[in-house]
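Report on one structure; see the data block that follows.
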Amino acid sequence: MCSIMGYCGASMPLEIFQKGFDRTISRGPDDTRIIDTGAGLLGFHRLAIMGLQPEAMQPFSLDGDYVVCNGEIYGFRPVKEALKKKGYTFQSESDCEILLPLYREYGTEMFQKLDAEFALVLYDSKKGKYIAARDPIGIRPLFYGRDEKGDLLFASEAKNLVGLCGQIIPFPPGHYYDGETFVCYRDITKVEKVCTDDLETICKNIREKLTAGIQKRLDSDTPVGFLLSGGLDSSLVCSVAAKLLRKPIETFAIGMDVDAIDLKYAREVADHIGSRHHEIIITKEDVLKALPEVVALLGTYDITTIRASIGMYLVCKAVHEQTDIRVLLTGEISDELFGYKYTDFAPSAQAFQEESEKRVRELYMYDVLRADRCISVNSLEARVPFGDMDFVQYVMSIDPAKKMNIYGKGKYLLRHAFEGDYLPQRILMREKAAFSDAVGHSMVDDLKAYAEEVYSDQDFLEGCNKYTYAAPFTKESLLYRDLFEQYYPGQASMIAGFWMPNKEWEGCDVSDPSARVLANYGDSGK
């Protein structure tokens with residue numbers, strides 16, 4: 001990951017800008033540069049992944065224009081060659097160096113052409129305006145706000161803007177800001193034509209498109225590793241990558257010391273694919289110590305995001321401290337496309353599809369936020385193959401009647417697509433367990449017990465009454481909200497609310513986001 005920040009005005013002192021910007025230096029510890037565009041400031045903290053030479057340091061410039069980008073642009077080499085034929089020259093092997101020439105050629109239409117995970121801020125000197133944009137899923141973070149003088153600021157994380165802006169707002173995924181307004185350039189959830197292919201054709205396309213998405217994310221000038229929970233999604237990413245690379249990959253799993261569920265499954269996958277496997281064991285003390293750090297790095301009070309982030313943060317911390325790996329591939333975004341445990345209760349195909357659309361649109365506030373922050377705070381880069389644009393667009397287009405659990409097994413299309421020698425059959429068909437639960441049921445239980453210690457019943461009632469937006473409804477949620485307010489006072493609206501199953505569906509009106517409370521949890525926790 002890298003960190004970017006832009007100030008679109010003329011009066012902010014450099015030291016004030018830098019103080020806010022340096023709160024995310026862990027995203028880019030390799031180098032830092034802040035430049036004055038003549039109409040504001042652009043800052044870049046670099047994590048060198050592609051194009052390791054000094055010439056790849058941002059901001060990039062072209063005839064008075066400047067850009068900073070936190071992103072990976074896939075397939076940039078043929079684009080670069082085409083731009084060379086038009087007379088452009090390049091100083092580095094960085095994928096992001098193509099952005100200003102692309103802007104010169106296509107203007108804001110270039111955003112539709114990018115196969116990328118990105119967030120950028122660009123200064124157009126000829127028009128005297130700033131442009132900002134974010135990828136269609138929001139895999140790379142971007143926030144904005146205005147200072148007390150009304151000048152606009154953009155930054156990779158909300159923490160950069162705390163104290164500088166009154167209201168901090170997430171930049172909408174799939175949009176660009178043209179200096180005056182926000183324009184949607186791509187709605188990844190929109191289906192132009194429903195795919196009605198037969199089951200085998202659909203599964204063949206799923207396999208081929210996911211494999212292509214994984215392959216392009218293996219391109220790195222620094223070492224690559226893999227988070228392996230032992231669940232379906234991360235296991236598939238690891239298996240496919242091992243086949244593509246034709247050499248042992250580095251895999252990492254985490255679990256509680258007393259009741260880890262996933263570790264044995266992750267070990268089985270690692271043995272099957274022949275990876276160099278690493279296990280990180282954590283304790284109750286580790287979990288409680290990490291909690292305030294996790295809330296601070298996440299910028300959320302959402303229950304399920306915080307629960308799932310503790311294990312992810314700690315495993316990434318171990319990767320950073322114990323290895324030379326700089327890039328991690330993960331399994332996020334599969335559930336939003338193929339279904340959660342609770343989507344087994346969807347009353348119709350249309351309801352299933354609408355829920356999927358909602359979850360994909362909100363990804364940047366939940367699972368994608370978790371992956372970005374837990375990995376980037378440890379000076380690593382996250383890559384998310386299930387978020388590949390071509391793959392997401394295809395799966396969203398599949399007839400939702402085929403994506404529903406009509407097979408006696410959730411996410412059947414994905415499972416069937418990879419039947420063969422990719423994974424052991426019991427892993428391929430294993431019931432889903434939420435990551436926070438599979439790290440060990442005791443982890444969530446310990447967090448709940450700790451909240452009970454912190455708040456009496458009276459404290460809980462009084463504490464909940466402090467908040468009108470997204471009011472806490474359990475002692476655990478109050479604990480997280482109070483911690484959030486310490487770091488991001490008055491910014492609760494950055495999150496749409498608590499991630500929960502669709503309470504309007506029969507069987508889903510629950511008071512806890514864990515799949516453990518659902519009637520169909522079954523063997524997921526074994």
Side-chain angles (χ1 to χ4, degrees), residues 1-10 14 17 21 28 30-135 140 142 144 151-156 171 175-180 183 185 219 221:
M1 298 296 186
C2 298
S3 182
I4 63 174
M5 187 165 168
Y7 166 64
C8 313
L14 175 62
F17 180 92
F21 188 39
D30 295 335
D31 200 358
T32 293
R33 183 181 296 163
I34 298 173
I35 60 108
D36 187 339
T37 65
L41 302 168
L42 287 178
F44 187 73
H45 292 313
R46 184 187 186 195
L47 179 69
I49 300 295
M50 300 296 293
L52 304 184
Q53 61 270 48
E55 291 80 5
M57 181 60 185
Q58 300 184 41
F60 289 118
S61 63
L62 180 64
D63 300 331
D65 295 349
Y66 297 93
V67 70
V68 286
C69 178
N70 168 30
E72 288 295 337
I73 301 169
Y74 302 110
F76 74 95
R77 291 183 180 88
V79 176
K80 190 176 186 180
E81 292 305 311
L83 289 167
K84 284 180 179 178
K85 292 177 181 178
K86 293 188 176 186
Y88 294 97
T89 59
F90 299 90
Q91 307 303 314
S92 76
E93 296 302 314
S94 169
D95 51 322
C96 293
E97 196 179 355
I98 68 172
L99 290 170
L100 285 174
L102 281 176
Y103 178 71
R104 187 66 53 85
E105 291 293 314
Y106 302 107
T108 53
E109 291 182 6
M110 79 170 185
F111 300 124
Q112 301 176 30
K113 302 176 182 294
L114 294 178
D115 179 9
E117 303 160 1
F118 74 95
L120 66 78
V121 181
L122 183 153
Y123 177 64
D124 184 328
S125 60
K126 295 173 182 60
K127 295 181 179 179
K129 67 178 183 180
Y130 284 87
I131 291 167
R134 191 179 186 187
D135 68 72
R140 296 303 170 97
L142 191 63
Y144 70 97
D151 292 330
L152 196 61
L153 289 104
F154 298 98
S156 285
F171 194 100
H175 286 67
Y176 66 83
Y177 173 77
D178 65 1
E180 297 178 359
V183 179
Y185 68 87
D219 186 7
D221 292 336

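Remember, predicted model here, so these are calculated numbers, not experimental data.
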- Excluding sequence neighbours, so at least two apart, what forms salt bridge (Lys or Arg N to Asp or Glu O under 4.0 Å) with Glu180? none
- Note on the structure: Contacts satisfying salt bridge (charged side-chain N to carboxylate O under 4.0 Å, His left out) that involve residues 119-130 (not counting sequence neighbours) are none
- Message: Is the ring pair Tyr177/Phe154 parallel, tilted or perpendicular, if the boundaries are 30 and 60 degrees?
- Response: tilted
- Which residues share a side chain to side chain contact (heavy atoms under 4.5 Å, CB included) with Glu55, sequence neighbours left out: Gln53, Gln91, Ser92
- Dump the intermediate steps for side-chain contact (heavy atoms from CB on, under 4.5 Å) on Tyr103 and Ile131, then the final yes or no. CA-CA 11 Å; Tyr103 178 71; Ile131 291 167; 3.0 Å; yes
- Item | With sequence neighbours excluded, residues passing salt bridge (Lys or Arg N to Asp or Glu O under 4.0 Å) with Glu72 | Arg383
- Mind checking side-chain hydrogen bond (donor to acceptor under 3.5 Å, both in side chains) for Ser3 and listing every partner two or more places apart, or none if nothing turns up? Thr24
- Got Val67 and Cys96 here, is their nearest side-chain heavy-atom distance under 4.5 Å? no
- Query: Which pairs count as ring pair (Phe, Tyr, Trp, His ring centres under 6.0 Å) when at least one residue sits in residues 44-94, sequence neighbours excluded?
  - Reply: Phe21-His45
- Message: Please report whether the ring centroid of Tyr176 lies less than 6.0 Å from that of Phe111.
- Response: yes
- Check the pair Val68 / Ile35 against side-chain contact (heavy atoms from CB on, under 4.5 Å), numbers first and verdict last. CA-CA 10 Å; Val68 286; Ile35 60 108; over 6 Å; no
- Message: Please evaluate residues Arg77 and Asp219 with respect to the criterion side-chain contact (heavy atoms from CB on, under 4.5 Å), reporting the C-alpha separation (whole Å), side-chain torsions for both, the decisive distance (0.1 Å), and the verdict.
- Response: CA-CA 11 Å; Arg77 291 183 180 88; Asp219 186 7; 2.6 Å; yes
